[in-house]
Amino acid sequence: EIYTLSLHDALPIGIWVVRTMTTGQIPSGPFPVEVLNVTSTDSSGNPKSLFNRGADAGFKVAIRNNAGSSYSVVVMVNLYYINGVPFKLFPIYNGPIDAGDTLVAGTWPVTIPTDALAGTATAYATISNGLPNETGTAYGPEANGTFNIVTGGGGSTPPANPAGTFSLT
């Protein structure tokens, strides 16, 4: 199943980051509900990894319910620049997931800031039963995917670098 959540579904004021990070040994799964993957996309939902500053990007997150009962979940996505600074937070799904089901939630558009730091950015997706300020708790570790922000030019993935030495001035 594919779900779409509007970015206009407001977050409480003051929430800048929602992450699920381990503070010790990573627990072994299976987790009741887990994030399978995070993918950046074009407007049609097709995978795309290169975005210009000021352009729109899309994101998809696949989640799976490994449990024998339905769960209510909130899936949040945090975008981070190459230097580790967060720049966007948005919900991508808020609703039920039935026992044994896998679903893909997507959103479009997410505008890349015009002054975005160029380089490899990371999208972290976390799944919980609510937001932290609502005493929400995570169901399992986050997952992430990467995409590239460029200063201009085409919107396709660049070719692999040829072998050799290069000089740029």
Side-chain angles (χ1 to χ4, degrees), residues 1-51 55-82 84 86-112 120-149 155-157:
E1 299 180 60
I2 297 180
Y3 295 87
T4 302
L5 185 69
S6 169
L7 287 180
H8 302 290
D9 295 339
L11 289 172
I13 294 174
I15 293 184
W16 290 92
V17 174
V18 176
R19 300 269 314 268
T20 307
M21 302 167 68
T22 57
T23 57
Q25 183 176 352
I26 297 174
S28 61
F31 301 99
V33 185
E34 66 181 323
V35 179
L36 300 176
N37 60 55
V38 183
T39 308
S40 54
T41 69
D42 63 16
S43 62
S44 298
N46 300 311
K48 181 180 176 183
S49 64
L50 192 67
F51 300 93
D56 291 330
F59 293 89
K60 283 185 182 177
V61 176
I63 63 172
R64 178 175 55 219
N65 181 341
N66 298 312
S69 60
S70 180
Y71 276 79
S72 178
V73 299
V74 175
V75 182
M76 301 295 294
V77 176
N78 263 140
L79 303 182
Y80 277 68
Y81 291 127
I82 189 171
F87 68 96
K88 291 269 185 178
L89 169 66
F90 53 91
I92 200 163
Y93 181 75
N94 185 354
I97 182 169
D98 292 329
D101 277 1
T102 297
L103 68 83
V104 177
T107 193
W108 175 272
V110 176
T111 302
I112 305 298
T120 302
T122 305
Y124 295 94
T126 186
I127 188 167
S128 63
N129 62 358
L131 293 173
N133 65 333
E134 300 167 344
T135 65
T137 56
Y139 288 122
E142 66 188 14
N144 68 68
T146 60
F147 60 100
N148 293 298
I149 299 172
S156 60
T157 303

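Position 1 is the first residue of the sequence, and the numbers go up from there. Side-chain atoms are counted along with the backbone in the values below, which use heavy atoms only and exclude waters and symmetry mates.
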- Note on the structure: Output for pair (Leu89 CG, Tyr80 OH), nearest 0.5 Å, gives 9.0 Å
- OH/Tyr124 to OG1/Thr146 distance, rounded to the nearest 0.5 angstrom? 9.5 Å
- Minimum-distance pair of heavy atoms, taken over all atoms of Tyr139 and Ser72: OH-O, 3.0 Å
- Task: Over all heavy atoms of both residues, which pair between Lys48 and Leu50 is shortest? Give the atoms and the distance, please.
- Result: CE-O, 2.9 Å
- Using the six-membered ring wherever Trp is involved, compare the ring planes of Phe59 and Phe147 and label them parallel, tilted or perpendicular (cut-offs 30° and 60°). perpendicular
- Query: Can you name the closest pair of heavy atoms from Ala57 and Ile112 and give their distance?
  - Reply: CB-CD1, 4.2 Å
- Do you know which two heavy atoms are closest between Asn129 and Gly136, and how far apart they sit? OD1-CA, 3.2 Å
- If every non-hydrogen atom of Ala138 is compared with every non-hydrogen atom of Ser128, which pair is closest and at what distance? CA-CB, 3.9 Å
- Task: Please tell me if the side chains of Thr126 and Val35 come closer than 4.5 Å, counting only heavy atoms from C-beta onward.
- Result: no
- Counting N and O atoms only, with roles assigned by atom type, does the side chain of Lys88 sit under 3.5 Å from a partner on the main chain of Thr111, one being a donor and the other an acceptor? yes
- Message: For a 4.5 angstrom cut-off between non-hydrogen side-chain atoms, does Ile149 reach Phe87?
- Response: yes
- So CG of Asn66 and CZ of Arg64: to nearest 0.5 Å the spacing works out to 5.0 Å
- Query: Looking at Asp56 and Phe51, what are the two nearest heavy atoms and their distance?
  - Reply: O-CD2, 3.6 Å
- Query: What is the distance from atom CD of Glu34 to atom CG of Asn65, rounded to the nearest 0.5 Å?
  - Reply: 10.0 Å
- Message: Just verifying a value: how many Å separate Ile97 CD1 and Leu103 CG, rounded to the nearest 0.5 Å?
- Response: 4.0 Å
- Message: Let's go through Thr41 and Asn46 carefully: what are the C-alpha distance in whole Å and the side-chain angles of both, what is the deciding distance for side chain to side chain donor-acceptor pair (under 3.5 Å) to 0.1 Å, and is it a yes or a no?
- Response: CA-CA 5 Å; Thr41 69; Asn46 300 311; over 6 Å; no
